[in-house]
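Okay, so here's the structure we're looking at.
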Amino acid sequence: MPELPEVQTTVLGLKKKVLNRTFVDVWTDTKKLFKNISFPDFKKEIKGKKIKKIYRRGKNIIFDLSDGLNLLVHQKMTGHFLYDKWENDPMNSFIRVKFFLDNGKVLALSDLRKFAKIELYKTKDLKLNLGPEPLEKSFNFDKFKNVLKKGKIKQVLMNQEIIAGIGNIYSDEILWQAKVHPEKDALKLSEKELKRIYKAMKDILKKAVDLGGTSISDYRDIEGKKGKFGDIRKVYRRESQKCPRCGAIIKRKKLGGRSAHFCPSCQKP
DNA sequence: ATTCGGACCTGAAAGC
DNA sequence: TGCTTTCAGGTCCGAA
């Protein structure tokens, strides 16, 4: 499912609902989601652990637990957390894992495609190979320029080791706003183009967080509700519709296995 | 050394 | 109507 804004929305919801709660039990019918530990071992370890902190890094959710443990969840394409009660929605019916909490409530993970990843680390062993957080104030324009590497700009923006958190929706939306073609080489962009991309990145990610993310497909917040950024998106999954800026027909093109959506008229190669 | 396709899964939507 | 193909907010791995 989720890119930075969706994961951020999830983390905000989790902080509100499950911070300082203790896990009393866990259930799954999809043991393969547990990657660096067997499910029986995970179950033994997680019982009685208190959630001291919850934060996002890139597209990862990290629960900082008592006894020096970190629970890491990556929701991949279709994973999303649901707390206690949620809307009756087909996308919320693929419950693969249930965490039982000490207040009698359930924190569930719905994941249609079963790609999600759940791992348990000792806090000191948790190492994520990720680039800077795009919304951090300290990530200024100079730093942005310096992290860029050779390659098509869309793929560079989506490379988690360069910048953490941007995926297919937001790279398309950022490049449309910046009027830059997705296949331009990141290292051959003009100063003006780079400035437009940098600004669009901050604007769009902030706006998407404010709107609770994008729910065109599977993503829901932890109460099962949809985010609203999808309503105002300009190009993502809008192939053959009109560009809202110039009226040209939006194109879709395969780029490294993913679909890039762009306006061929205002994003010239 | 990069890049690309395939794998991992399931279901909705579009095509025939 | 029903069967087939394409597509999906991600990442990893191995072959060109």
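In what follows, every chain begins at residue 1, and chains take the letters A, B, ... in the order their sequences are listed.
More than 12 non-hydrogen atoms from other residues, nucleotides or ligands lie less than 6.0 angstrom from NZ of Lys49(A). Residue-environment remark: NZ (Lys179(A)) stays at or below the threshold of 12 foreign heavy atoms within 6.0 Å.
Other members of the cluster containing Leu112(A) are Met91(A), Phe94(A), with ILVMFWY side chains joined at under 4.5 Å, either directly or via other members.
Contact check of residues 230-238 of chain A against DNA chain C (heavy atom, cut-off under 4.0 Å) returns Tyr236(A), Arg237(A). Contacts between residues 126-134 of chain A and DNA chain C, defined by a heavy-atom separation below 4.0 Å, involve no residue at all.
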Pull out every protein N or O sitting under 3.5 Å from an N or O of nucleotides 9-16 of chain B, one pair per line with the distance.
from, atom 1, to, atom 2, distance (Å)
dC9(B), OP1, Lys32(A), NZ, 2.8
dC9(B), O5', Lys32(A), NZ, 3.3
dC9(B), O2, Arg113(A), NE, 2.9
dC9(B), N3, Arg113(A), NH2, 3.2
dT10(B), OP1, Lys114(A), NZ, 2.9

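In this structure, NZ of Lys152(A) is placed 15 Å from P of dT2(B), rounded to the nearest angstrom. The NZ-P distance, from Lys149(A) to dA1(B), rounds to 14 Å in whole Å. The separation between Lys254(A) atom NZ and dC4(B) atom P is 13 Å, rounded to whole Å. In this entry the distance linking CG of Asp185(A) with P of dT3(B) reads 9 Å, nearest Å. When rounded to the nearest whole Å, the span between NZ of Lys253(A) and C1' of dC4(B) equals 14 Å. Here the P atom of nucleotide dC4(B) and the CG atom of Asn159(A) are 14 Å apart, to the nearest Å.
Every pair passing side-chain hydrogen bond (donor to acceptor under 3.5 Å, both in side chains) that includes a residue from residues 28-38 of chain A is listed here, sequence neighbours excluded: Ser38(A)-Asp41(A). Sorted by first and then second residue, the pairs that involve residues 197-209 of chain A and meet salt bridge (charged side-chain N to carboxylate O under 4.0 Å, His left out), not counting sequence neighbours, are Lys199(A)-Asp203(A).
Contact record, Phe139(A) with Met201(A): CE2-CE, 3.7 Å, taken as the closest heavy-atom pair.
Salt-bridge check for Asp111(A) with Arg96(A): failed, with every basic side-chain N at 4.0 Å or more from each acidic carboxylate O. Salt-bridge annotation for Lys59(A) and Glu6(A): absent, with no side-chain N of the basic residue lying under 4.0 Å from a carboxylate O of the acidic one.
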(message) Strictly under 4.0 angstrom, non-hydrogen atoms only: write out the protein contact profile of nucleotides 11-16 of chain C, one letter per nucleotide from the 5' end, B, S or -.
(response) B-----
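Counting non-hydrogen atoms under 4.0 angstrom, Gly167(A) reaches the backbone sugars and phosphates but no base. When heavy atoms are screened at a 4.0 angstrom cut-off, Lys35(A) is found touching no nucleic acid atom at all.
When the side-chain contact (heavy atoms from CB on, under 4.5 Å) test is applied to Phe115(A), the partners found at least two apart in sequence or on another chain are Lys76(A), Met77(A), Arg113(A). When the side chain to side chain donor-acceptor pair (under 3.5 Å) test is applied to Asn168(A), the partners found at least two apart in sequence or on another chain are Lys154(A). Listed by chain and number, the residues in a side chain to side chain donor-acceptor pair (under 3.5 Å) with Arg252(A) are Glu239(A), Ser259(A) (sequence neighbours excluded). Looking at residues two or more places apart in sequence or on another chain, you find no side chain to side chain donor-acceptor pair (under 3.5 Å) involving Glu87(A).
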(message) Taking Watson-Crick (N1-N3 plus N6-O4 or O6-N4) and G-U wobble (N1-O2, O6-N3), each under 3.5 Å, can you produce the dot-bracket string of DNA chain B? Use [ ] for crossing pairs and | for inter-strand ones.
(response) .|||||||.|||||||
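If you take atom P in dT4(C) and the same atom in dC9(B), they sit 23 Å apart, rounded to whole Å. Rounded to whole Å, the P atom of dT11(C) lies 23 Å from the corresponding atom of dG11(B). For dA7(B) and dT5(C), the P atoms lie 16 Å apart once the distance is rounded to whole Å.
Screening Lys188(A), Lys268(A), Lys253(A) against Glu183(A) for a salt bridge (Lys or Arg N to Asp or Glu O under 4.0 Å) leaves a single residue, Lys253(A).
Residues Leu82(A) and Phe63(A) do not share a hydrophobic cluster, clusters being chains of Ile/Leu/Val/Met/Phe/Trp/Tyr side chains in contact below 4.5 Å.
Phosphate contact (OP1/OP2 of dA8(C), side-chain N/O of Ser259(A), threshold under 4.0 Å): present.
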(message) Checking Ile37(A) against Ile118(A) for the side-chain contact (heavy atoms from CB on, under 4.5 Å) test, could you report, in this order, the C-alpha distance in whole Å, the side-chain angles of both residues, the deciding distance, and whether it holds?
(response) CA-CA 9 Å; Ile37(A) 184 167; Ile118(A) 301 175; over 6 Å; no
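Relative ring orientation between Phe141(A) and Tyr198(A) is described as perpendicular, the plane-to-plane angle rising above 60° on a 0-90° scale split at 30° and 60°. Ring geometry for Phe99(A) against Phe23(A) counts as tilted: the plane angle lies between 30° and 60°, on a 0 to 90° scale.
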